[in-house]
Amino acid sequence: MVAAPATNRSAKRSRLKASPLVAAGLGLALAAIGARPANAADPAVARGAYLSAAAGCDQCHTDAKNGGAPYAGGRAMATEFGTIVTPNITPDKATGIGGWSLGDFVRAMRWGIGPDGTHYVTAFPYPYFSRLTDSDLADLKAFLDSVAPVTRPGLGAASSLALLARARAAVGEAFAANFAGPSATLPAPRDAAVLRGAYLANSAGHCGDCHTPQSWFGASDSGREFAGSAGWFNGRKAPNITPDPKTGIGGWSEEEIASLLKDGGTPDGDFVGGAMAEIVRNTERLTDDDRHAIAAYLKAPPPKAFGENK
Amino acid sequence: MKLSTKWIALSAIVIAGGLYVGVARADDAATLDTRIATMKSQGKDMTGIKAYIDDKADLASAQAAGADLVTQVAKIPDLFPKGTGMTQFPGKSYAKDAVWTDWDKFLAQAKTANDKAMALNAALKGGDKAAITAAFGDMGKNGCGACHEPFREKKPS
């Protein structure tokens, strides 16, 4: 939903008041995107809704299998540290994130630490969300604040292994920073589309979460960015999405990559399954320009051979 | 003599059993080959229809692809006999065990794919590009993709 310009808003409001039918229609439309009428006209909410779709917040934080309300959590997800149940991120004050300040939200998104000091496992991809700009995080919060609050107690209890997972990843990051080779060398950005694609792919899109191999310590191997993974260390297999002609997407055109992000179809007429099918439910909600921007960015870096360092 | 008869009979049973298993496995391997070829044909058909949508091919070729797709998709349930999954054929089959442990769901999804393929074929016959594009997207996502998501293991590369 595109917000009305601020100058027209009050005039539109008065018209809406005069027409209960139009108001009912607008209410239905807003309900369809899960926003409350009070905030849905806010441009920040509209921008936040787009970012939420790009990141797929609703995919993990909705128990769709059991008919759960959007963003109300409850989806059970298998991780290498056992099954976690996603928390409620609707603005319900008691069981959601309604009581969070913007500072609380930013800390959770950037550092994976809740207001009560709870540490989140990296199944919540905060290392990627940490790259979202301040204004994008504020927009995202504005959107989540606009979602209908749902009371759903008993979710999101931190796993007792969360701290172990965090400690392991921290050791991995420290090791990579001090002893491993230089991190991924990205080519100088060629144009605005590549930059935009880099931003989306590395923040909300969290492509590297699956497509960049991890070390045993659970840290992304930055020197192997997007090279794919045989799942040696975390069991998560993912293909090479660097422009390697043999094992990657070197033979794919930018249009073909954008097309996959739109409908899941590959150049050979196959349609992706597994986790990527879920990601396509995010990327299909992006604009054509943003899908092409991600494609342009993926085509930009030098090719890498498939998988973990051998 | 009595002992050797017993051994001969036992050996015959073992050999016959081995042959039976071998033949069954050869049958499964042949079915798997057919399945892979059928899936590739479907991919080719979808590529042909996409080419029309992208203005790279004419409607007649897309219609031919649509007609073929319907016949290929209808074969799916018969191409998944037990014993042809990734457990039995690692590196060749990517069919998860869920196909057989959740057979009814798999059959329902195969029927959905069949219905979507028929709808796409009907749209192609109608010749309206917007309808064809919509039916193509529906087939890809809710026909092919919705089955691959729960039932097909990712290929690592």
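Please read all numbers here as calculations on a predicted model, not as lab measurements. By convention in this document, chain letters (A, B, ...) are assigned in the order of the sequence lines, proteins followed by strands, and residues within each chain are numbered from 1.
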May I ask you to test the [X]-[Y] pair for a side-chain heavy-atom distance under 4.5 Å?
X: A/Asn202; Y: A/Tyr297; value: yes
X: A/Asp289; Y: A/Arg196; value: no
X: A/Val272; Y: A/Val280; value: yes
X: A/Asp244; Y: A/Phe226; value: no
X: A/Arg224; Y: A/Ser229; value: no

Parallel, tilted or perpendicular: which one describes the rings of A/Tyr120 and A/Phe124, with boundaries at 30° and 60°?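 It falls in the perpendicular class, over 60°.
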Establish, yes or no, whether the cationic atom of B/Lys129 lies under 6.0 Å from the six-membered ring centre of B/Tyr52 and within 45° of the ring axis.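 Because its charged atom sits under 6.0 Å from the ring centre and within 45° of the axis, B/Lys129 does stack over B/Tyr52.
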For B/Lys50, is it the side chain, the backbone, both or neither that has a heavy atom under 4.5 Å from a heavy atom of chain A? side chain
Residues of residues 203-211 of chain A contacting chain B, heavy-atom criterion under 4.5 Å, by residue number: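 Under the 4.5 Å heavy-atom cut-off, nothing qualifies.
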With rounding to the nearest 0.5 angstrom, report the CG to CZ distance, A/Asp58 to A/Arg285.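 Reported value, rounded in 0.5 Å steps: 4.0 Å.
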Hey, which of A/Glu278, A/Arg281, A/Glu255, A/Met276 has the most heavy atom pairs under 4.5 Å with chain B?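 Among the listed options, the one with the most contacts to chain B is A/Arg281.
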Do you know which of A/Gly264, A/Ala277, A/Gly274, A/Gly248 has the most heavy-atom pairs with chain B at a distance under 4.5 angstrom? A/Gly274
Atom group of A/Ser259 that falls short of 4.5 Å from chain B, counting heavy atoms: side chain
What part of A/Glu284 gets closer than 4.5 Å to chain B, counting heavy atoms only: side chain, backbone, both or neither? side chain
